Novice: 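My questions will all concern the structure given below.
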Amino acid sequence: MTDTIGRGHCRCGAIELTVTGAALMRGLCHCTICQAFNEAPYADITLFRSRDVQVNAPERVRFDTYRPPPAVQRGKCADCEQPAIEYLDLPGLPKLAIVPSANLQELPGLPDPALHIFYHRRTADVDDGLPRFSGYWRSQLAFSWRVMAALWRTR
Ligand SMILES: [Zn+2]
Ligand SMILES: [Zn+2]
């Protein structure tokens with residue numbers, strides 16, 4: 001028995017998300033893949049265990065393969081062609097769902113962004129007082145550390 005925390009949806013509403021577990025963390029990613037996928041200077045993304053986010057119509061999510069690593073499946077809504085949900089599968093960790101925070105504006109308890117990663121790829125400076133991590137490994141470590149801490153906290 002799982003309790004619904006709240007709902008989200010893609011820009012046009014065809015893809016509805018039902019959230020049944022707490023967000024693990026929210027971050028701002030400036031990597032070039034996120035820039036291309038979101039058609040934006042950076043991605044504002046919120047992470048969950050994938051079991052905590054149900055998709056109403058998975059067959060209407062179109063997954064594209066961008067260049068690796070890491071092992072991210074990036075899904076757009078087949079109707080509005082905007083980012084709907086992404087999945088990250090890392091060895092030794094539960095499968096994670098990455099949801100564009102724009103799809104979660106009505107979600108109670110949506111966390112504030114915690115950090116910038118891949119900041120060396122930025123197209124513009126951002127001065128919001130959040131920690132900023134540049135470089136591939138520094139970004140990956142900062143990100144992974146926070147996800148693992150959240151997984152541990154919310155076991
Ligand atoms: Zn849509
Ligand atoms: Zn990224």
Side-chain angles (χ1 to χ4, degrees), residues 4 6-19 23-50 53-107 110-151:
T4 298
R7 292 176 204 284
H9 57 79
C10 71
R11 187 178 290 178
C12 76
I15 307 298
E16 288 173 24
L17 309 169
T18 303
V19 178
L24 297 170
M25 79 124 170
R26 178 176 171 188
L28 306 168
C29 184
H30 295 254
C31 83
T32 50
I33 301 176
C34 282
Q35 288 172 11
F37 181 69
N38 293 276
E39 297 171 47
Y42 56 86
D44 179 343
I45 48 176
T46 304
L47 273 84
F48 300 86
R49 287 177 173 82
S50 71
V53 183
Q54 282 82 51
V55 179
N56 68 322
E59 72 282 358
R60 292 168 83 179
V61 180
R62 263 210 309 261
F63 286 99
D64 277 324
T65 309
Y66 289 70
R67 67 183 162 80
V72 185
Q73 285 177 278
R74 297 175 186 261
K76 287 186 174 178
C77 167
D79 292 340
C80 66
E81 301 186 334
Q82 294 302 309
I85 190 165
E86 302 165 61
Y87 292 105
L88 175 60
D89 220 343
L90 293 174
L93 287 184
K95 192 173 178 183
L96 301 175
I98 304 173
V99 182
S101 304
N103 292 353
L104 297 168
Q105 288 313 303
E106 294 124 53
L107 185 74
L110 180 69
D112 290 326
L115 77 172
H116 293 270
I117 55 172
F118 293 96
Y119 193 65
H120 59 297
R121 297 293 194 192
R122 70 188 178 281
T123 60
D125 289 341
V126 183
D127 201 2
D128 55 10
L130 295 176
R132 299 179 291 205
F133 295 88
S134 290
Y136 181 83
W137 288 110
R138 283 171 53 86
S139 296
Q140 289 284 2
L141 281 171
F143 177 86
S144 306
W145 174 251
R146 279 166 177 77
V147 170
M148 295 215 284
L151 285 169

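Small disclaimer: the values here were computed from a predicted structure and weren't measured. Both counts, for ligands and for their atoms, begin at 1 and track the order of listing. Atom set for the values below is all heavy atoms of this structure, side chains included, hydrogens, waters and symmetry mates excluded.
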Novice: Taking R62 first and then E81, would you say they form a salt bridge - that is, a charged N and a carboxylate O separated by under 4.0 Å?
Specialist: yes
Novice: Is the Zn ion (ligand 2) under 2.8 Å from any N, O or S atom of C29?
Specialist: yes
Novice: Work out the angle at the Zn ion (ligand 2) between SG of C31 and SG of C34, rounded to 10°.
Specialist: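 That angle works out to 110° after rounding to 10°.
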Novice: Flag the pair D64 and K76 as a salt bridge only when some basic side-chain nitrogen lies within less than 4.0 angstrom of an acidic carboxylate oxygen.
Specialist: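 No, D64 and K76 are not salt-bridged.
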Novice: How are the rings of Y42 and H30 set relative to one another: parallel (under 30°), tilted (30 to 60°) or perpendicular (over 60°)?
Specialist: tilted
Novice: Please indicate whether R146 has more than 12 foreign heavy atoms, meaning atoms of other residues, nucleotides or ligands, lying under 6.0 Å from its CZ.
Specialist: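 Counting neighbours around CZ of R146, more than 12 heavy atoms of other residues, nucleotides or ligands fall under 6.0 Å, so yes.
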Novice: Just to confirm my numbers, could you give the angle made at the Zn ion (ligand 1) by SG of C80 and SG of C77, rounded to 10°?
Specialist: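 It is 110°, given to the nearest 10°.
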Novice: Would you say C10 reaches the Zn ion (ligand 1) with an N/O/S atom under 2.8 Å?
Specialist: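 Of the N, O and S atoms in C10, at least one lies under 2.8 Å from the Zn ion (ligand 1), which means yes.
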